Protein chains: 2
Amino acid sequence: MASVKAGTEIERLIQLLAKLPGLGPRSARRAALHLLRKRDELLGPLADAMQAAREKIAPCSVCGNVDTCDPCSLCRDERRDPKKLVVVETVADLWALERAAALNARYHVLGGTLSPLDGIGPKDLNLASLVDRVQAEKVEEVILAVNATVEGQTTAHYVLDLLADLGIKTTRLAHGVPLGGELDYLDEGTLAAAIRARVDF
Amino acid sequence: MASVKAGTEIERLIQLLAKLPGLGPRSARRAALHLLRKRDELLGPLADAMQAAREKIAPCSVCGNVDTCDPCSLCRDERRDPKKLVVVETVADLWALERAAALNARYHVLGGTLSPLDGIGPKDLNLASLVDRVQAEKVEEVILAVNATVEGQTTAHYVLDLLADLGIKTTRLAHGVPLGGELDYLDEGTLAAAIRARVDF
């Protein structure tokens, strides 16, 4: 980019945009030019929104969600069933479940999955606080809404072991055919799970 | 996104990020979470870089490039040959040519292409200032570095007509096989152009 000579401000903007997931050097250049073309409609508001996010948004000390207040609005929501606790890997998963709007429970964000190869052990996840919460908040059901990946399932089993002595009901999401899914395009594992878990029509 | 309840600041950040080219609603959510995780390394610096870009970067009144000074650093560069003027569609094309570093000329950014269907006529492009510059700066060669698209070529022919009476040498980029390109994957038009323009080995 040294040859662009369009001012170090532009080069710096492009370099930082390229660090966003989903943007590479080329799309970062495109995004930077788009921002400069839409100075008042996009560049200004986005700079302000980032400044506001930087100042106001912080992780919730209870559940690990991100919000402008601590505890977050989900933890403060009195209408949510305090007896159900949904364990998720990331805030993105929490948002996905909230969009589905099928649960009226509280959350606990682990902040990742156990991954010995990447050096992520139990102490790097919010596991100790999970046990504390389950006991302090008198939770009756822990719903393990982790990803259906090897890492997710390993983490789920670890959490199961942690909670084993507390005598709490633990559940996991159902496996099966996604809505709109075509059997011909599904992997054998999912199909086998859907057959094993078949229900009366 | 109303169900996310993660604060209007986050929703606003996601909505604005989703307006960047190359980012949709899902990747904007991912980018927002990435920014919040990397608050000090990325969110803060990017907010500052956008603020700096908003305040300092403006279009060059001479060539249409974007820079922190006006005229831009390319127009001010004394080492560039003032007798050669490269006409490009957009600033992105200017940057691409600068990366190629094969030219030591000045530029003129049209700001788009003629496109009657989109309501873009000659008055919407920097065409009048091009003729003025060619005459005032005693340009001897105009290099039409427009895209090899229908719109680009239409625009090139329009510029050719504009400059016809000035008796100036006008050139265009060569067509041919891209470096690293495989003939089997090239379209017939490019191959035919490459054959017609063949040169002695």
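These numbers were taken from a predicted model, which means no experiment stands behind them.
Put simply, CD1 on A:Ile10 and CG on B:Asn65 are 7.0 Å apart, with the number rounded to the nearest 0.5 Å. Rounding to the nearest 0.5 Å gives a distance of 12.5 Å between CZ of A:Arg26 and CH2 of B:Trp95. Distance check: A:Leu16 CG to B:Met50 CE gives 8.5 Å after rounding to the nearest 0.5 Å. Taken to the nearest 0.5 Å, the OG1 atom of A:Thr90 stands 7.0 Å off from the CG atom of B:Leu33.
Most heavy-atom pairs under 4.5 Å with chain A, from the set B:Gly44, B:Ala92, B:Ser27: that is B:Gly44. Highest contact tally toward chain B, considering only A:Leu23, A:Asp40, A:Leu13, is held by A:Leu13 [criterion: heavy-atom pairs under 4.5 Å]. No other option in A:Ala58, A:Ala32, A:Pro45 has as many heavy-atom pairs under 4.5 Å with chain B as A:Pro45.
Atom NE2 of A:His157 has 12 or fewer heavy atoms from other residues, nucleotides or ligands within 6.0 Å.
Looking at A:Arg39, only its side chain comes within 4.5 Å of chain B, counting heavy atoms on both sides. Proximity to chain A (any heavy atom under 4.5 Å) is restricted, for B:Leu36, to the side chain, taken from C-beta onward. With a 4.5 angstrom heavy-atom cutoff, B:Leu46 touches chain A via backbone and side-chain atoms both. Within the 4.5 angstrom heavy-atom criterion, no atom of B:Leu97 approaches chain A. If you measure heavy-atom distances from A:Lys19 to chain B, the contacts under 4.5 Å come from both the backbone and the side chain. With a 4.5 angstrom heavy-atom cutoff, B:Arg30 touches chain A via backbone and side-chain atoms both.
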Set out, in order, the CA-CA distance, both residues' side-chain angles and the distance that settles side-chain contact (heavy atoms from CB on, under 4.5 Å) for A:Gln51 and B:Asp48, then state yes or no. CA-CA 8 Å; A:Gln51 194 60 43; B:Asp48 294 339; 4.1 Å; yes
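Within the 4.5 Å cutoff, side-chain heavy atoms of A:Leu20 are placed close to those of B:Leu42.
For the pair A:Pro21 and B:Ala31, the tightest heavy-atom approach, listed with the atom from each and the gap, is CG-CA, 3.8 Å.
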